[in-house]
Amino acid sequence: MTKLERRSVGSLALLYSIRMLGLFMVLPLLALYTSDLTGATPLMLGLALGVYGLSQALLQIPLGWLSDRVGRKPVIVGGLLVFGLGSLVAANADTASGLVFGRFLQGAGAIASAVMALVADLTSEEQRTKAMAIIGASIGASFALALVLGPVVAGIAGLSGVFYLTALLALVGIAVVLLTVPTPEPLSSTSETGPRGRYVGRALKDAVLLKLDYGVFTLHFILMASFLVVPQLLQDKFALVREDHWQIYLPVLLLSVLGMLPLMRLAERGGRLNQVFPAAILLVLLGLLGFWFSSSSALFYFSLWLFFVGFNYLEASLPSLVSKRISVQGRGTAMGAYSTCQFLGAFAGGAAGGLALQQFGFGAVLALGSGLGLVWLLLCVTGRPLTVASAEPEIASEGA
């Protein structure tokens, strides 16, 4: 990379991780800190957990389009302001519906498409995949940090303190955009940055892409549904006070990276992706099974480790597989569909998981996630393989 590219990618990775840190910090907290809110029910808790995904899914494409018209930076700064406003609304909410509205506003600052477009504007085509990988790694790091930092901050300042910190992070993000991110001149709209109409039908008909889209929907459904259950089980079943939950998340996440490395080595260097990928889904399912039936804390923590080994591998692998499946001309469309499925999965996991928890209890939530996961596993071991030497002609090239 050139010096300008390194500066651009580093700044945008920092920006992305700051924002995702704010969104992720509440994952291990909402199930434990919202019982005092007026109107708090498991369903409202689930909505508060996942509703940001609904606003993200609705606004990614419109805001990406707007960034093509008015520029990337204005859209990103505006999105961060909306995100900060949502954080303040959530921090001051004394009702469950107010918290849900605050989280909806947080998601409405949907800047992912504009940020990715800016990455493409500021990097050469040869360096773009590397740039996207760096940003993807920063998101993973922010997720791990959020699960540890959230309980620590909440132990000091409560749930409202976490949201106030999130609002502060939004201001830091604006400073990063204005002071450190270069402005592309002239603004370009590359073939990788957004949906292109003639590729929509092709991408939506491709069996492998559809399998990957369903996979990311399911993965984030399971993630949101699990965080309706795991924090409460740690507190109620294993008597771990909520302020100390980070002491479990930190070693589990660190050790999950060690567990993920052999999977990546087997898939990439050993050429066994079509065996490793279903194995990772199976690890997630075994983790869910362990949450359900663990009778000891040691077995529960082991199940949590299995869950995150599988989750982290799948989260890192899915976008790479999408980008490899389709050529540059249709990549923006494919990634747009993929991101929309990801956010819809987060919303559905929170909403459906909350309803299942309210009506039937913990077991129903885990059974719901397990059912979707089993369908995903069956799809991966049947039909067309994930490893294809080149994308299909009908989606890879301009074609007729």
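Because the structure is predicted, anything quoted here is derived from the model rather than measured.
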Expected list for residues 347-359: side-chain donor-acceptor pairs under 3.5 angstrom, two or more places apart:
residue : atom : partner : partner atom : Å
Gln358  : OE1  : Thr41   : OG1          : 3.2
Gln358  : OE1  : Leu43   : N            : 3.2

Look at the side-chain heavy atoms of Ile, Leu, Val, Met, Phe, Trp and Tyr, link any pair under 4.5 Å apart, and say whether Val208 and Ile281 land in one connected group.
-> yes

Pairs of donor and acceptor atoms involving the side chains of residues 215-225, under 3.5 Å and at least two apart or interchain, shall be tabulated with distances.
residue : atom : partner : partner atom : Å
Thr218  : OG1  : Tyr214  : O            : 3.0
His220  : NE2  : Glu315  : OE1          : 2.9
His220  : NE2  : Glu315  : OE2          : 3.3

With Gln56, which residues qualify under side-chain hydrogen bond (donor to acceptor under 3.5 Å, both in side chains), at least two apart?
-> Gln60

Roughly how far apart are Asp94 CG and Ser160 OG, rounded to 0.5 Å?
-> 11.5 Å

Name each donor-acceptor pair under 3.5 Å that joins a side chain in residues 9-28 to protein atoms two or more places apart or in another chain, with its distance.
residue : atom : partner : partner atom : Å
Ser11   : OG   : Arg7    : O            : 2.9
Ser11   : OG   : Thr180  : O            : 3.4
Ser11   : OG   : Thr180  : OG1          : 3.2
Ser17   : OG   : Ala13   : O            : 3.1
Ser17   : OG   : Leu14   : O            : 2.9
Arg19   : NE   : Gly109  : O            : 3.1
Arg19   : NH2  : Gly109  : O            : 2.6

Quick one: list whatever passes side chain to side chain contact (heavy atoms under 4.5 Å, CB included) with Ala57, sequence neighbours left out.
-> Thr340, Phe343, Leu344

Non-hydrogen side-chain atoms of Leu234 and Tyr249 separated by less than 4.5 Å = yes

Are Leu314 and Val257 co-members of a hydrophobic cluster defined by side-chain heavy atoms under 4.5 Å apart?
-> no

Taking the six-membered ring for Trp and the full ring for Phe, Tyr or His, determine whether the centres of Phe302 and Trp305 are under 6.0 Å apart.
-> yes

Does a side-chain heavy-atom distance below 4.5 Å link Phe308 with Leu147?
-> yes

Spacing of Ser35 atom OG and Leu37 atom CG [to the nearest 0.5 Å] | 8.0 Å

Who are the side-chain hydrogen bond (donor to acceptor under 3.5 Å, both in side chains) partners of Ser256, not counting sequence neighbours?
-> Asn312

Close side-chain approach of Leu122 and Val181, heavy atoms under 4.5 Å | yes

Common cluster, Val230/Val241, ILVMFWY with side-chain heavy-atom separation under 4.5 Å = no

Please indicate whether Phe101 has more than 12 foreign heavy atoms, meaning atoms of other residues, nucleotides or ligands, lying under 6.0 Å from its CZ.
-> no

Joint hydrophobic cluster, Leu4 plus Leu179, side-chain heavy atoms closer than 4.5 Å | no

Are Val375 and Leu318 connected in a single hydrophobic cluster, I mean Ile/Leu/Val/Met/Phe/Trp/Tyr linked by side-chain heavy atoms less than 4.5 Å apart?
-> yes

Is Arg103 reaching over with its side chain to a backbone N or O of Tyr52, donor-acceptor style, under 3.5 angstrom?
-> no

In a table with atom names and distances, give each donor-acceptor pair under 3.5 Å that connects a side chain of residues 363-374 to protein atoms at least two apart or in another chain.
residue : atom : partner : partner atom : Å
Ser370  : OG   : Leu366  : O            : 2.7

Measure the shortest side-chain to side-chain distance between Met260 and Phe311 over non-hydrogen atoms and say whether it is less than 4.5 angstrom.
-> no

Output all residues satisfying side chain to side chain contact (heavy atoms under 4.5 Å, CB included) with Ser55, sequence neighbours left out; order by chain, then residue number.
-> Phe104, Ala108

Pairs under 3.5 angstrom only: tabulate donor-acceptor contacts from the side chains of residues 78-91 to other protein residues two or more places apart or in another chain.
residue : atom : partner : partner atom : Å
Ser87   : OG   : Phe83   : O            : 3.0
Ser87   : OG   : Gln106  : NE2          : 3.0

Is there a side-chain contact between Leu30 and Leu159, using heavy atoms and a 4.5 Å cut-off?
-> yes

Side chains of residues 283-297: which donor-acceptor partners sit under 3.5 Å, not counting sequence neighbours?
residue : atom : partner : partner atom : Å
Ser294  : OG   : Gly290  : O            : 2.4
Ser296  : OG   : Leu299  : N            : 3.3

What residue pairs, at least two apart or across chains, pass side chain to side chain donor-acceptor pair (under 3.5 Å) with a residue in residues 161-178?
-> Asn92-Tyr164

Residues which pass side chain to side chain contact (heavy atoms under 4.5 Å, CB included) with Leu32, listed by chain and number, not counting sequence neighbours | Pro231, Gln232, Gln235, Arg242, His245

